[in-house]
Amino acid sequence: MRLATWNVNSVRAREERILDWLRRSETDVLAMQEIKCKPEQFPLAGFQELGYEVAIHGLNQWNGVAIASRVGLEDVQTSFAAQPAFGKPGQEPVVEARALGAVAGGVRVWSLYVPNGRGLNDPHYAYKLDFLARLRDASAAWKDEPTALVGDFNVAPLPTDIWSEEDSEAETHVTPEARAAFHALADHGYEELSRRFLPAEGTYTFWDYKQLRFPKGEGMRIDFIYASEPLAARAQDVTIVRDERKGKGASDHVPVVVDLD
DNA sequence: ATGGCTGGGAATCCCAGA
């Protein structure tokens with residue numbers, strides 16, 4: 001089975017690029033983040049024509065997660081246990097559309113969009129750390145079955161996962177607290193698979209649209225595939241599809257793909 | 001072997017992203 005994760009930065013703006021890649025890549029299950037739409041706005045027909053069914057969780061133009069599968073899609077869940085809510089000061093906190101779980105081809109897949117954090121003194125940063133801590137707690141329930149926690153974690157875990165740790169726009173991605181919260185996702189036996197197969201420094205999954213970051217090779221590794229022990233044992237390879245950052249109409253993230261027995 | 005942000009909406013500026 002081939003499983004991929006991709007922060008698409010709007011599924012409506014990216015539909016043709018996503019479908020083109022699905023046609024070429026022989027992907028069985030694609031977890032998407034930042035679809036930026038409600039379910040009724042999702043361009044479902046194109047996916048269905050390629051043989052995929054799609055589970056969608058979107059509340060508005062922000063965030064939004066989905067899973068497309070051509071190997072079945074069961075037991076859909078739109079949040080994990082104790083997933084934190086967020087609201088601006090004075091507003092009612094809302095559990096945002098940042099997690100979607102489903103069993104596809106016998107694998108429990110969670111499509112995850114971890115909060116950005118915005119700034120070290122912003123409430124969004126505490127929300128980010130809490131989201132990661134609660135996800136770690138919730139992951140215990142799935143540790144003994146084949147489970148993949150995939151998506152945009154908005155953390156560059158190692159100094160070599162970012163072109164410059166002094167990049168002020170990524171300050172919430174490189175703190176000791178954010179990195180510890182990311183690594184704690186391994187507490188229940190989960191392994192981050194991109195590191196096993198792609199250990200090279202400067203291997204990135206995201207390049208900002210601004211400042212010529214892609215042509216300059218200035219990116220970050222922030223999209224990952226955590227696998228429970230039963231699933232990690234089946235991993236054959238991981239690929240980061242850097243070519244998908246090229247050309248007109250690219251997302252700022254590229255797909256990360258794992259091949260499983 | 002690519003390109004100087006981009007997307008969505010309340011819309012002709014604002015919010016969010018990282």
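In this text, all values refer to a predicted model and were calculated from it rather than measured experimentally. Reminder, nothing fancy here: chain letters follow the sequence lines and each chain counts from 1.
Between A:R195 and A:D161 a salt bridge is recorded (basic side-chain N to carboxylate O distance below 4.0 Å).
Dashed line: the shortest gap from a side-chain N or O of A:R14 to OP1 or OP2 of B:dG7 is under 4.0 Å.
Within 4.0 Å of A:R242, counting heavy atoms only, lies no atom of the nucleic acid at all. Across all strands shown, A:E171 has no heavy atoms under 4.0 Å from either base or sugar-phosphate atoms.
B:dC15 and B:dA10 have their P atoms separated by 15 Å, with the value rounded to a whole Å. Using atom P as the reference point in both B:dG4 and B:dG9, the two lie 24 Å apart (nearest Å). Separating the C1' atom of B:dT12 from that of B:dG7 is a span of 16 Å, rounded to the nearest Å. Taking atom C1' in both B:dA11 and B:dA16, the straight-line distance is 16 Å, to the nearest Å. B:dA18 and B:dC5 have their C1' atoms separated by 12 Å, given to the nearest Å.
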*asked:* I'd like to compare against my own output: the B/S/- annotation of nucleotides 9-18 of chain B with a strict under-4.0 Å heavy-atom distance to protein.
replied: SB----BSBB
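Contacts of A:F214 classified as ring-ring contact (aromatic ring centres under 6.0 Å, His included), with partners at least two apart in sequence or in another chain: A:W207.
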Contacts table for residues 112-121 of chain A: side-chain donor-acceptor under 3.5 angstrom, sequence neighbours left out:
from, atom 1, to, atom 2, distance (Å)
A:Y113, OH, A:E34, OE2, 3.2
A:N116, OD1, A:R118, N, 2.6

I'd like a table of donor-acceptor pairs (distance under 3.5 Å, sequence neighbours excluded) in which one partner is a side-chain atom from residues 43-58 of chain A, with atom names and distances.
from, atom 1, to, atom 2, distance (Å)
A:Y52, OH, A:T27, O, 2.5
A:H57, NE2, A:T78, O, 3.3

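Note on residues 141-150 of chain A: pairs passing side-chain hydrogen bond (donor to acceptor under 3.5 Å, both in side chains), not counting sequence neighbours, are A:R108-A:E145. Pairs engaging residues 231-261 of chain A under the ring pair (Phe, Tyr, Trp, His ring centres under 6.0 Å) rule: A:F206-A:H253 [sequence neighbours left out].
Rounding to whole angstrom units, CZ of residue A:F214 and P of B:dA1 are separated by 9 Å. Rounded to whole Å, atom C1' of B:dC5 lies 13 Å from atom NZ of A:K248.
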